[in-house]
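See below for the structure under consideration.
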Amino acid sequence: MRQIRPILTLLGLLAIVAAWGSAPFGMAEEPSKSKGTLEKVFPNSNKCKRCHERAFEEWETSPLSRSIHSPAFRASLDEYLAFSSGKDKALCFRCHAPHVSEFLDQAPMFVAQVQSGDPAIDGVGCIQCHLIKQVDRSSHPPVPKYELGKTLYGPYKDFVQNLAHQSMELELFRKSDLCMNCHQSVPASANLGKTNELLGSWESSQAVKSGKECQTCHMPEQVGESANGENKRKVANHSFPGRIGKLRQEAAKLAIETSIKGDQTTVIVSVQSLVPHNLPTTHPAWAKVMLEVAVKGKNLKTVYSGQRVYGRVFADAKGQKTVFDFKATKVLEDTVLKPDETRTETFAFPTPKDTRSFDVEAALSYAPVTGSPEFLQRIEAESSKGGQDPAFQPIPIAKQTVNVPLK
Ligand code: HEC
Ligand code: HEC
Ligand code: HEC
Ligand code: HEC
Ligand code: HEC
């Protein structure tokens, strides 16, 4: 272990005095007996910012920092509360603001924070992950086991001491188990078993066989400061690339084959998923990936278009289709791209006329939110951007165009 650096010591003292009062995490001595207040036990992420600026700034750009903020979340939480008549108000927060499990009596406050549209509490903030000591994967969805106190768990064995918190190395932080906690499955209103698994047969993917964990791709290793002013070392990117970020370019490959037989043309598009788990992951239940094919003939006019959708279609207890997994009792259709799968899709159309060549364009994207008109209006009304809310925008994943000459 390296020695405490004088500057950090001073910073640390300042931080403690300024931010947390004399006892950093409130109830440091006897966590189990006298639990402190919510803000003391789970301090806000900006309390960590003063020493962990890089991690904070990355996290701030990530979807995790907005896990209880989106209009779509707000609208679907309301839908859930109405559906469940207020039973188990904490359900959605178990993953979206997991510290609720230590303060179940305060679940109504969590709900009120979300409904305010501008929550002051964190959802999945720094400490919501770094106080997790263990994950119990035998229950579905798995539950994080918090160890409340001033010891923060992380990946380093050779950590530098600081005065704000104690540190402890936990293997868990380099393992997928930590993420499975919230990413493996979601509660549906019936036990959907395997059809409710978000990641699919991830355990037998190429990535797992070659020793990769979720962190390998979603918290890529980089060199930087673990804490302000510390020597540069290996750190993990906290912007959690997924739908946002460069990782998307590694999601899928498209290939197009065309065969012309007189006035009939057939296009075969192969969609190769490079993702070691299901694509898309089907929570929220409206999450879908779309393949769109367009054929452009004379003057680039579209003469044919076709579409395929990858996702799951759920039905509720009355047999009606639903975009809410908490209402789902059955899966009617499952077209998600399985880990590392290549799917081939065939499109047939009349060969374009009066042109020397035509273009075939194939595009893969995440589809915008779907649901009843009331639900969509609700999201629009909840959003400061109205109909321009990101939930209504497709997110492009991959694109391929070929030009096909005609004799
Ligand atoms: C306490 C629950 C929880 C844990 C633990 C957790 N996540 Fe998440 N994660 C979430 C939630 C909730 C969201 C969705 C945030 C939003 O968009 O509202 C999310 C979003 C993400 C996204 C963005 C997905 C997208 O669509 O772009 C990635 C990537 C991600 N998590 C990776 C990880 C990795 C890697 C780990 C493990 C190191 C992890 N998560 C651990 C709850 C969790
Ligand atoms: C077992 C953990 C878990 C539970 C419980 C859970 N979610 Fe999620 N939720 C996630 C994760 C993980 C993501 C990110 C998924 C992704 O991007 O692929 C997410 C994403 C979402 C999103 C899309 C991102 C956003 O913020 O707009 C919505 C909406 C959402 N959840 C609503 C809910 C609602 C409503 C409930 C309660 C009925 C709920 N969730 C319960 C884990 C959970
Ligand atoms: C979704 C869970 C999650 C959240 C949220 C999260 N971390 Fe981490 N953090 C991890 C994991 C996992 C690692 C180890 C990754 C690895 O080494 O592969 C880590 C590593 C670290 C480290 C060691 C140095 C480094 O950067 O790798 C520090 C310091 C740290 N986190 C601080 C923070 C701070 C500060 C925040 C909030 C701004 C935060 N973390 C939010 C999961 C999380
Ligand atoms: C007074 C400054 C200071 C504050 C405030 C602070 N930390 Fe740290 N933290 C450090 C230093 C210094 C290290 C050691 C970094 C190293 O070893 O490279 C560290 C290490 C860590 C580690 C790595 C532990 C390990 O063994 O892997 C995590 C995780 C972490 N901090 C999370 C947090 C979180 C979460 C908060 C906010 C609740 C926080 N820190 C607040 C200074 C601080
Ligand atoms: C080999 C790299 C790799 C590994 C390992 C990996 N992923 Fe992914 N993941 C991807 C790629 C690529 C995407 C697609 C990026 C995109 O287009 O959004 C993705 C997308 C996601 C998304 C957003 C997808 C959606 O449909 O909303 C989540 C959430 C996610 N991964 C979670 C995880 C979790 C949890 C683990 C560990 C169990 C994991 N990933 C392991 C590469 C990986």
Side-chain angles (χ1 to χ4, degrees), residues 45-49 51-60 62-70 72-73 92-99 122-130 132 135 141-142 144 152-156 159 167 170 172-184 198-199 202-203 205-208 210 212-222 224-227 230 233-252 273-284 287-289 311 336 339-340 364-366 395-398:
S45 296
N46 50 39
K47 300 281 195 297
C48 318
K49 183 185 181 187
C51 296
H52 294 289
E53 206 156 339
R54 175 200 55 82
F56 181 88
E57 280 169 3
E58 289 167 352
W59 167 84
E60 211 180 13
S62 79
L64 284 160
S65 72
R66 321 233 2 111
S67 64
I68 52 173
H69 297 68
S70 83
F73 180 73
C92 304
F93 297 106
R94 268 183 229 164
C95 305
H96 285 265
H99 48 315
D122 273 341
V124 188
C126 312
I127 204 145
Q128 279 74 4
C129 278
H130 286 288
I132 297 177
V135 172
L152 296 184
Y153 305 103
Y156 297 146
F159 49 80
S167 300
L170 265 192
L172 178 64
F173 278 78
R174 298 210 192 263
K175 296 280 179 210
S176 303
D177 271 10
L178 181 74
C179 320
M180 289 299 199
N181 209 351
C182 302
H183 284 273
Q184 177 167 296
L198 300 177
L199 299 164
W202 133 268
E203 317 260 339
S205 68
Q206 284 305 318
V208 169
S210 62
K212 289 188 178 146
E213 308 281 342
C214 313
Q215 289 88 331
T216 319
C217 301
H218 294 290
M219 296 190 80
E221 192 178 289
Q222 58 192 32
E225 286 181 358
S226 54
E230 280 304 318
R233 61 186 301 183
K234 276 185 193 162
V235 297
N237 187 298
H238 275 66
S239 69
F240 296 92
R243 288 178 188 227
I244 313 174
K246 276 200 297 207
L247 187 65
R248 229 162 354 120
Q249 294 158 9
E250 289 160 37
S273 169
L274 307 174
V275 179
H277 46 73
N278 284 352
L279 181 68
T281 58
T282 49
H283 169 74
K288 293 200 165 54
V289 164
V336 294
D340 309 320
L364 196 71
S365 57
Y366 287 105
I395 305 173
I397 301 173

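The structure presented is a predicted model; accordingly, all values stated were derived computationally and were not measured. Just so you know, residue 1 is the first one in the sequence shown, and it goes up from there. Just so you know, ligand 1 is whichever comes first in the structure, and atom 1 is the first atom listed for that ligand.
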Shortest protein contact, atom 18 (O) of ligand 1 (heavy atom only): S67 CA, 3.3 Å

Which of the ligand 5 atoms, numbered from 1, are nearer than 4.0 Å to a heavy atom of L199: 38 (C)

Proximity winner for atom 11 (C) of ligand 1, if only heavy atoms of T281, L64, L172 are counted: L64

Sub-4.0 Å atoms of ligand 5 with respect to non-hydrogen atoms of A251: 12 (C), 14 (C), 17 (O)

Closest protein heavy atom to atom 4 (C) of ligand 1, given as residue, atom name and distance to 0.1 Å: C182 SG, 3.3 Å

Distance filter under 4.0 Å to W202 heavy atoms, resulting ligand 5 atoms: 5 (C), 37 (C), 38 (C), 41 (C)

E225/R54 ion pair, N-O < 4.0 Å: no

Distance filter under 4.0 Å to V124 heavy atoms, resulting ligand 3 atoms: 5 (C)

Check: K175 main-chain N/O paired with Q215 side-chain donor or acceptor under 3.5 Å: yes

Nearest neighbour in protein (non-hydrogen) for atom 16 (C) of ligand 1: P63 O, 3.6 Å

Polar proximity ligand 5 side, Y366 side, N/O cut 3.5 Å exclusive: yes

Ligand 5 versus N278: contacting region, heavy-atom distance under 4.0 Å: neither

Contact check, P241 vs ligand 1, heavy-atom distance below 4.0 Å: yes

Aromatic ring pairing F240/H238, orientation class (parallel under 30°, perpendicular over 60°, tilted between): perpendicular

Any W59 side-chain heavy atom under 4.5 Å of N237 side chain: no

Test item: Y153 and L172 side chains (from C-beta on) under 4.5 Å apart, heavy atoms: no

Per atom 23 (C) of ligand 3, closest listed option by heavy atom (Y156, F159, Y153): Y156

4.5 Å side-chain heavy-atom contact, V208 and P276: no

Distance, nearest 0.5 Å, that separates CD of E213 from CZ of F173: 13.5 Å

Euclidean distance, S205 OG relative to L274 CG, rounded to 0.5 Å: 12.5 Å

Test of ring centre spacing under 6.0 Å for H99 and F93: no

Total protein N/O/S atoms whose distance from atom 8 (Fe) of ligand 3 is less than 2.8 Å: 2

Lys/Arg cation over aromatic Y156: R233, 6.0 Å, 45° cone: yes

S226: numbered ligand 3 atoms lying under 4.0 Å from its heavy atoms: 29 (C)

Atom pair CD1 (I395) and CG (L364), whose distance is rounded to the nearest 0.5 Å: 12.0 Å

Winner among R243, H99, H96 once heavy atoms are compared against atom 12 (C) of ligand 1: H96

Per-atom contacts, ligand 1 versus P98 - under 4.0 Å to a heavy atom: 1 (C)

pair L247-C217: side-chain heavy atoms closer than 4.5 Å: yes

Nearest non-hydrogen protein atom, atom 17 (O) of ligand 5: R248 CG, 2.7 Å

Any E213 heavy atom less than 4.0 Å to ligand 5: yes

Protein heavy atom under 4.0 Å of atom 28 (C) of ligand 3: no

Check against side-chain contact (heavy atoms from CB on, under 4.5 Å), F73 and C92: CA-CA 9 Å; F73 180 73; C92 304; 4.2 Å; yes

Count, waters excluded, of protein N, O or S atoms under 2.8 Å from atom 8 (Fe) of ligand 5: 2

W202 vs M180 side-chain heavy atoms within contact, under 4.5 Å: yes

Residue pair S167 / L152, side-chain heavy-atom distance below 4.5 Å: no

Gap between atom CD of Q222 and atom OG of S239 - 0.5 Å precision: 7.5 Å

Gap between atom SG of C126 and atom CG of N46 - 0.5 Å precision: 8.5 Å

Identity and separation of the nearest protein heavy atom to atom 34 (C) of ligand 1: C179 SG, 3.4 Å

Ligand 5 atoms in contact with H183 (distance to a heavy atom under 4.0 Å): 29 (C), 35 (C)

Residue L178 vicinity, atoms of ligand 3 by number, heavy atom under 4.0 Å: 12 (C)

Is_contact(atom 2 (C) of ligand 1), protein non-hydrogen, under 4.0 Å: yes

N or O pair under 3.5 Å between R174 and ligand 3: yes

Interfacing atoms of ligand 5 (cut-off 4.0 Å, heavy-atom, P280): 26 (O)

Atom indices of ligand 1, in the order listed, that fall short of 4.0 Å to a heavy atom of R66: 18 (O)

Heavy-atom closest contact (V275 atom, A251 atom, distance): CG2-O, 3.4 Å

Where ligand 5 meets E250 - atom numbers and elements under 4.0 angstrom, heavy-atom basis: 12 (C)

Heavy atom of S70, distance to ligand 1 below 4.0 Å: no

E58 side chain to A55 backbone, donor-acceptor under 3.5 Å: no

Heteroatom proximity flag, R54 to ligand 3, N/O under 3.5 Å: yes

Pairwise distance CG(D122) to CG(L64) - rounded to 0.5 angstrom: 11.0 Å

Interfacing atoms of ligand 3 (cut-off 4.0 Å, heavy-atom, H52): 29 (C), 35 (C)

Distance flag for atom 37 (C) of ligand 1, protein heavy atom under 4.0 Å: yes

Ligand-residue contact atoms, ligand 3 with G125, heavy atoms, under 4.0 Å: 5 (C)

